[in-house]
Amino acid sequence: MTNRIPHIFSAVLILLVACSRPEQAPQVISVIPQPAFIQQSEGVFSIDRKTSIFVEAGDSSVIRSVAFLNDRLLKAAGYSLPVVADDPLRHAGEKGIFVLDAGLKAEAYHLVVEEGRVVLEHGGGAGAFYGVQTLLQLLPVEIFSEKRVRGIHWELPCCDIEDSPRFAYRGMHLDCCLHFFSIDFLKKYIDVMALHKVNRFHWHLTEDQGWRLEIKKYPLLTEKGQWRKETVIGSLSSGFYDGTPYGGYYSQEEVRDLVKYAAERYVTIIPEIELPGHALAAIACYPELSCGLEDHYETATKWGIFKQVYCPKEETFKFLEDVFDEVFELFPSELVHVGGDECPKASWKKCPHCQALIKKLGLKDEFELQSWFIQRMEKYINSKGHQIIGWDEILQGGLAPNAKVMSWLGEEGGIKAAQQHHEVVMAPYPKYYLDYWQADPDSEPLAMGGPTTLRTMYEYNPVPEVLSAEESKYIIGVEGCVWTEYMPTPARVEYMAWPRMCAIAESGWTKAGKDWGAFTRRLETHLGRLDRMDVGYCKAFYDPFIELHKDTQYSKIATISVDAPDAEIHYTLDGSTPTVQSPIYTGPFVVNRQQRVSAVAIRNGKTIGNIRYKDF
Ligand code: ACM
Ligand code: ZN
């Protein structure tokens, strides 16, 4: 790899005078997502109060990106660096961090750390921002502390990093309908996304269980539609309810604030307004939007799919167009999500208007009616300068001409759409749904399915192999989906999302092939960053995962794994506590009906996680 530091710098020899001071372990570079190219060399660049940041004058987006480095330094080190907005070349001989526009692609950056200087080349604010995110991850993990940490040498290992993303769309979703989350939490969510170079926040705002977005023209949507009278306890079919009204919504002022906050971190917010299904909260407010088959409509109190959907009549389209008009005022994103998933056809089958419409339009069935519904909305949305994306089901009855597909039902929809030359974001539920268990369901909180482990997420290749090279170009990215049925609190969201989302972020950003072992090593350091950011991630990384596989009536095959690198698994079969003296797991073994497998991960003679057990 060539050294692309502007040659004028190369002419300047900078001697670093090393001061004598206590040793700090040399930094092993552990960046997530892994950059395209890294070469580490001897030595470090030390940041101190006198280190300047040189940026080109007038480059306000770059100056804003650089401010994120100073924000962290101010909190963790207790000082920020002087920013010299000038012609950086005039300061070539000085010690400092030089941030230079080298005309790179929008999100690309090139970071060279030498003992006397750091050069961050970019092509604008986004590349500078991502370069800063990497630079922060080169510093000791304490840089992510909210409070001042003393006794740290703020050193960057000397290296040359060239980086740019694999996909344009690197998304993270959050359902704020099944449960509601404050703007403060969403800001923290976006902060953590940005650290991972995730650049799309898919905000699920309307559902059967609650409408969360203020729409001035239809005030009932939030006055009434935000509320459900109670919430199911446990799984959707438990039959138990909490008897407590539940609500919450985002004012337009709050939305504007969040959109700006996200944009400063190079995150585009993609709002989702569900149609034609998952519309019960809206219908409960405005029953005239339904097929009118029922006397009474109420916001749903349990999870699932509901037959009360929008009826494709003029007043429904007027309503939806009005809603989107306000959405476009709030969200600058070109792309808007129209849902399209899980729309039962029962009401349309019974509705005289729907049946007459099918006949009048010469449609084959209700699936084609759904396609017509979405195409009509697409035409309107396109006329306002926006594009639609929808879940797999928008393929049913024919894809709208310009639609992108978010493929969640597996890979089939994504493959079909790519073969039809429609852009696709891969979010298949068996791989990228973060409401699925991440470890043994026996020891985890209630979840939707799975388990879908960190490793499963990491190893998934989002470009299906059946696609040709040409078709593969239509896979524009990945998204991790956080449906919040069983996540009533921010803490539970973080627990389910992280660290698995680190794996998805890496699949979205990193072009290089996957190396699970290397990822776990980087992740272990990275968890220290999440700790400092107070992200309540799941620590199953350190726990043995015991699985008992079917064999005979009297026997099962036990396998045990652990994600943490360089750990041994010790186990017992007699119910006793496993210790460093217990046998080491080396591979699958047989257990009988009387045996309990208990296991623990041990590194350097010390237990690193929880003891886990499993009975026959
Ligand atoms: C979905 O999970 N219903 C898109
Ligand atoms: Zn109808």
Side-chain angles (χ1 to χ4, degrees), residues 171-178 202-209 236 270 272-280 282-283 286-294 297 300 303-317 319-320 337-361 363 365-366 368-370 372-374 376 389-396 404-414 417 424-436 447-450 452 479-487 496:
M172 194 162 170
H173 154 280
L174 185 64
D175 154 29
C176 291
C177 299
L178 304 189
H202 171 181
W203 197 5
H204 189 74
L205 285 164
T206 74
E207 255 303 344
D208 299 305
Q209 296 83 0
L236 60 100
I270 296 174
E272 182 178 356
I273 307 296
E274 279 266 22
L275 60 92
H278 288 300
L280 186 47
I283 287 170
Y286 300 100
E288 61 274 22
L289 304 174
S290 75
C291 288
L293 304 173
E294 290 160 53
Y297 296 90
W303 326 128
I305 300 172
F306 298 85
K307 64 176 192 242
Q308 299 87 351
V309 303
Y310 290 126
C311 180
K313 51 192 170 186
E314 287 311 311
E315 56 195 311
T316 303
F317 289 114
F319 165 82
L320 288 170
H337 204 301
V338 297
D341 58 318
E342 300 177 324
C343 176
K345 310 298 183 286
S347 299
W348 291 356
K349 280 195 168 126
K350 280 196 197 145
C351 169
H353 168 79
C354 289
Q355 289 307 309
L357 189 60
I358 287 175
K359 233 183 224 158
K360 183 178 149 201
L361 297 168
L363 303 174
D365 55 16
E366 291 72 21
E368 287 198 353
L369 182 62
Q370 173 178 300
W372 178 83
F373 192 126
I374 291 163
R376 181 164 161 165
I389 188 167
W391 301 107
D392 277 316
E393 291 93 323
I394 68 168
L395 281 148
Q396 296 168 353
K404 300 182 204 303
V405 172
M406 186 165 280
S407 193
W408 75 281
L409 285 166
E411 291 190 321
E412 213 176 291
V424 176
V425 174
M426 293 304 289
Y429 77 85
K431 307 292 182 182
Y432 280 180
Y433 266 35
L434 295 143
D435 58 343
Y436 276 47
M448 272 304 278
T452 309
E479 184 166 292
C481 293
V482 183
W483 297 98
T484 59
E485 309 85 343
Y486 305 128
M487 302 182 211
M496 296 305 286

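Numbers here are sequence positions counted from 1. It should be emphasised that the depicted structure is a prediction, and the values quoted were computed from it without experimental measurement. Just follow the structure's listing: the first ligand is 1, and inside any ligand the first atom is 1.
Ring-plane geometry between H173 and H204 is classed as tilted, the angle between the planes lying from 30 to 60 degrees on a 0 to 90 degree scale. The aromatic rings of Y286 and F319 are tilted relative to each other, their planes meeting at an angle between 30° and 60°.
Protein residues with a heavy atom under 4.0 Å from ligand 1 are D341, E342, W391, W408, Y433, W483.
With hydrogens and angles disregarded, no donor-acceptor distance shorter than 3.5 Å links the side chain of E393 to the backbone of Q370.
Using a 4.5 Å heavy-atom threshold, the side chains of T206 and H278 count as separate. Inter-residue side-chain proximity for V405 and D392 is flagged as met; some heavy-atom pair is nearer than 4.5 Å. At least one side-chain heavy atom of L275 sits under 4.5 Å from a side-chain heavy atom of I374.
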Solution key, residues 427-435 side-chain donor-acceptor pairs under 3.5 Å, sequence neighbours excluded:
residue	atom	partner	partner atom	Å
Y433	OH	W483	NE1	3.3

Which atom pairs, donor and acceptor, lie under 3.5 Å between side-chain atoms of residues 305-314 and protein residues at least two apart or in another chain?
residue	atom	partner	partner atom	Å
Q308	NE2	E294	OE1	3.0
Q308	NE2	E294	OE2	3.4
K313	NZ	E288	O	2.9
K313	NZ	S290	O	2.8
E314	OE1	R376	NH2	2.8
E314	OE2	R376	NH1	2.8

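Note on the Zn ion (ligand 2): protein N, O or S atoms under 2.8 Å away count 4, no waters included.
If you look at W391 and H337, their ring centroids are closer than 6.0 Å.
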